[in-house]
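Notes for the one structure printed next.
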Amino acid sequence: MLWSQTFIPTLKETPADAEIVSHQLLLRAGLVRKLTGGLYTFLPLGLKVLRKIEQIIREEMNRAGGIEVLMPALQPIDIWQQSGRYETASGVLFKVRDSARKDWVLGPTHEEVITSLAANELNSYRQLPKNFYQIQTKFRDEIRPRFGLMRAKEFLMKDAYSFDATDAGAMTSYHKMYDAYTRIFARCGLQAFPVEADTGVIGGNYSHEFMVPAETGENDVVYCESGKYAANIEKAVSRGPAESTPSESTGAAPEKFATPGVVTIEALSAAPYGVSARHQIKTLVFIADSKPILVLIRGDDSLNEAKLMAKTGAVQVRQATADEIVDLLGARPGSLGAVASTLKTPTVPVYADEALRGARGMTTGANEDGFHLRQVEVDRDLKVGAWYDLRTVKVGEACVETGQPLKIRRAIEVGHVFKLGTKYSEKLNATFLSEDGSRHPAVMGCYGIGVTRTLQAVIEQCNDKDGIRWPVSVAPFTVCITPLTVTPESQPMTLARELLAKLAEAGIEAILDDRDERPGVKFKDSELVGFPLRVNLGEKSLAKGEIELKPRGGTMRMVPIADAAAEVIAWVRAESARLQG
RNA sequence: CGGGACGUAGCUCAGCCCGGUAGAGCACUUGGUUUGGGACCAAGACGUCGCAGGUUCAAAUCCUGUCGUCCCGACCA
């Protein structure tokens, strides 16, 4: 490929609306251009990278037994109503109306479609297991698209769906995908690691996310340095808070005291009250699937809403408004409590975090503005409907596996594997006949990789002050041939064309920078775009019979003209081998 | 949806506070000189100052509304 015959609009300056380095480099290296918020055009080099990532995914999915299909992006709403997600996922659904005024959905994911297919086509245990996958555009009405391709309204995703006859079979399918994902990210040159994950609206009961460590990620990962435990903070557990919960008896009954104007944990910890956060019970009011619930957390802990949803099985949870709270409890936020004798509506369900078990000598709101209760004993004074682990793990707490202090870091989620069970197969009638003639719903799994997000994650992880540093496996071109003179019959240009042809013969994709630009411009551009290896052909070196090999981010090496092609091929093969996993 | 910032040339930005004929650098066009790390000189082209309304003799500048973008939060498969 000749540089002059493709389209690589590099930018010297950083675009104002790109905040994080990978987004800036996507634009500066001429890989993508924005149409509007959350929608991007892939330019030739960006598209080449995308295709290479897709190819790696295809190879590994095929190796793991995946069968490629392509499903419609435009979907009828009835299957979404059938699965129950027309309501629960309505926040991200793009809906469109046709000329007959019928409504459709632009697919944000494809469980409904693939399960409909399975319902029709997979009728016998003899056909199982099956694992279908596709690489396809997804549409999600993200509330706030951001960071370029990281969170977009339209993006490319690889999604796979497995169908098994048994739970054990489903676990095998799951682990095949888990292993395939490990290989895929390694081959893309990404350091990605699996963590235990919450399943969210998609449902199911077992799940891992593949995370790329990055400060700009949108996820917090809790991990133990031993490597024996890692989990998304939405799911993470520990051996409990660093400081124990008070359990000493302090009195025969709760005692009401005036706390005018005190509506925060901090204010109650300060003089003149001096009730440490650890001695307080935080009472939160949520509306879970349209019904109010009380959630109790120790004062120095914070509620983990993902856990609340997972543990209570609620599909939609939101904080109650101030008015709803006054209606329910007769007091405003800041004076709320769950002490049974103060509850205006004693039937409201009360869920408490495990850390509050057996707590005594606690202080909590009196459900009367400006008053709190002290000497509260949880077992004696409260009616807790259910105990759950609802708190968010904090740095330094003991790892459940090793007891070592846990750490937290930010990360980008590039892949997610779920064991779904029979949630969708039951609702959409994807059943099969087993050997004994009985009918069962297929046991499903689903597995996603954000292809466009993976592309950007590679940039986020592989860059320096000069630009991108593509791993050879996904680089738009592995070699950039750079003659410093480009007049057609000059020695640099002649040798450059010969080298391009020899590399092509060896199956190596190179780009020849035939632009009539000063050397500095070409060097800067090739480093910005991030080709793994640059070959300089300049009059000075050629006069000495040498060609220059400059790996991106490495040191220059001179090789005899005659050996150039062989040296380049050897370098590329060695680099590729390193990523093959 | 709440909070914040910003919309001026293709890009990065100044001008706005304090109203008075639209600016710089880069990019682009032409000519010349250069040619191993984002060259230099000269000439040139490029704008309904996001949009709509208002105040005013006069609005990029002040006021109101609106649209868009980015960030934080909420939300999020």
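In what follows, chains carry the letters A, B, and so on, assigned in the order in which the sequence lines appear, proteins first and then strands, with residues in each chain numbered from 1.
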What's the gap between [N] and [M] when it is taken at their [atom1] atoms, as a whole Å value?
N      : M      : atom1 : value
U33(B) : U69(B) : P     : 49 Å
G10(B) : U29(B) : P     : 15 Å
C6(B)  : G50(B) : P     : 13 Å
C1(B)  : A45(B) : C1'   : 46 Å
C40(B) : G47(B) : P     : 26 Å
G37(B) : C71(B) : C1'   : 35 Å
C11(B) : C16(B) : C1'   : 22 Å
G25(B) : U21(B) : C1'   : 24 Å

Original post:
Between T14(A) and Q24(A), do the side chains contain an N or O donor and an N or O acceptor separated by less than 3.5 Å?
Top reply: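 Judged by distance alone, the side chains do not pair up.
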
**OP:** Examine the side chains of Q75(A) and W104(A) and answer whether a donor and an acceptor come within less than 3.5 Å of each other.
**Re:**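 No pair is found: no donor N or O on one side chain lies under 3.5 Å from an acceptor on the other.
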
Which nucleotide, [options], lies nearest any side-chain atom of [X]?
X       : options                : answer
F147(A) : G36(B), C71(B), A77(B) : C71(B)
L93(A)  : A77(B), A39(B), G38(B) : A77(B)
A89(A)  : G37(B), A77(B), G38(B) : A77(B)
K550(A) : C76(B), G37(B), G36(B) : G37(B)
R146(A) : G37(B), G36(B), G73(B) : G73(B)
I143(A) : A74(B), U34(B), G37(B) : A74(B)
R518(A) : G36(B), C76(B), U35(B) : U35(B)

Mind calculating the distance between [atom1] ([X]) and [atom2] ([N]) to the nearest angstrom?
X       : N      : atom1 : atom2 : result
K12(A)  : C13(B) : NZ    : P     : 16 Å
R318(A) : G73(B) : CZ    : P     : 22 Å
E517(A) : A27(B) : CD    : C1'   : 11 Å
F155(A) : C76(B) : CZ    : C1'   : 11 Å
N304(A) : A74(B) : CG    : P     : 12 Å
K524(A) : A39(B) : NZ    : C1'   : 14 Å
E305(A) : C76(B) : CD    : P     : 8 Å
L26(A)  : C70(B) : CG    : P     : 14 Å

Tabulate atom names and distances for all N/O pairs under 3.5 angstrom spanning the protein and nucleotides 10-12 of chain B.
unit_1: U12(B); atom_1: OP1; unit_2: A16(A); atom_2: N; d: 2.7

What is the nucleic acid contact for [X], judged by heavy atoms within less than 4.0 Å: base, sugar-phosphate only, or nothing?
X       : answer
R33(A)  : nothing
G37(A)  : sugar-phosphate
Q319(A) : nothing

State plainly whether the residues [X] and [Y] are in salt-bridge range, i.e. N to O under 4.0 Å.
X       : Y       : result
D167(A) : K419(A) : yes
D159(A) : K138(A) : yes
D301(A) : R391(A) : yes
R85(A)  : E111(A) : yes

Original post:
Tell me, do M171(A) and Y206(A) make a side-chain contact under 4.5 Å, heavy atoms counted?
Top reply: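 Contact flag for M171(A)/Y206(A) side chains = yes.
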
Tell me whether the side-chain N/O atoms of [X] come closer than 4.0 Å to OP1 or OP2 in [N].
X       : N      : answer
R144(A) : C72(B) : yes
K34(A)  : C70(B) : yes
S541(A) : G36(B) : no

Subject >> Enclosure of K176(A) NZ (heavy-atom neighbours >12, cutoff 6.0 Å) >> reply: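 Count not over threshold, so no.
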
**OP:** Classify the ring geometry between H208(A) and Y178(A) as parallel (under 30°), tilted (30 to 60°) or perpendicular (over 60°).
**Re:**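 Rings of H208(A) and Y178(A): perpendicular, over 60°.
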
Original post:
Once the angle between the rings of Y181(A) and F185(A) is folded into 0 to 90°, is it parallel (under 30°), tilted (30 to 60°) or perpendicular (over 60°)?
Top reply: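 Geometry flag for F185(A) against Y181(A): perpendicular rings.
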
**OP:** Determine whether any donor atom in the side chain of E539(A) lies under 3.5 Å from an acceptor atom in the base of G36(B), or the reverse, and answer yes or no.
**Re:**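 There is none.
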
**OP:** Classify the side chain of R534(A) and the base of G37(B) as holding, or not holding, a donor-acceptor pair under 3.5 Å.
**Re:**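 Such a pair exists between side chain and base.
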
Subject >> Whichever of G538(A) and G107(A) has its nearest RNA chain B nucleotide further upstream toward 5' >> reply: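 Final value for this comparison: G538(A).
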
Subject >> Residue whose closest nucleotide on RNA chain B lies nearer the 5' end, E234(A) versus R28(A) >> reply: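 Counting from the 5' end, the first nearest nucleotide belongs to R28(A).
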
So what's [N] paired with, Watson-Crick or G-U wobble, going by both distances under 3.5 Å?
N      : value
U35(B) : none
C49(B) : none
U56(B) : none
C11(B) : G25(B)
U30(B) : A42(B)
G2(B)  : C72(B)

Original post:
Would R557(A) and E546(A) count as a side-chain contact (heavy atoms from CB on, under 4.5 Å) if you check the C-alpha gap in whole Å, the side-chain angles of each, and the deciding distance to 0.1 Å?
Top reply: CA-CA 10 Å; R557(A) 191 158 63 89; E546(A) 289 173 329; over 6 Å; no

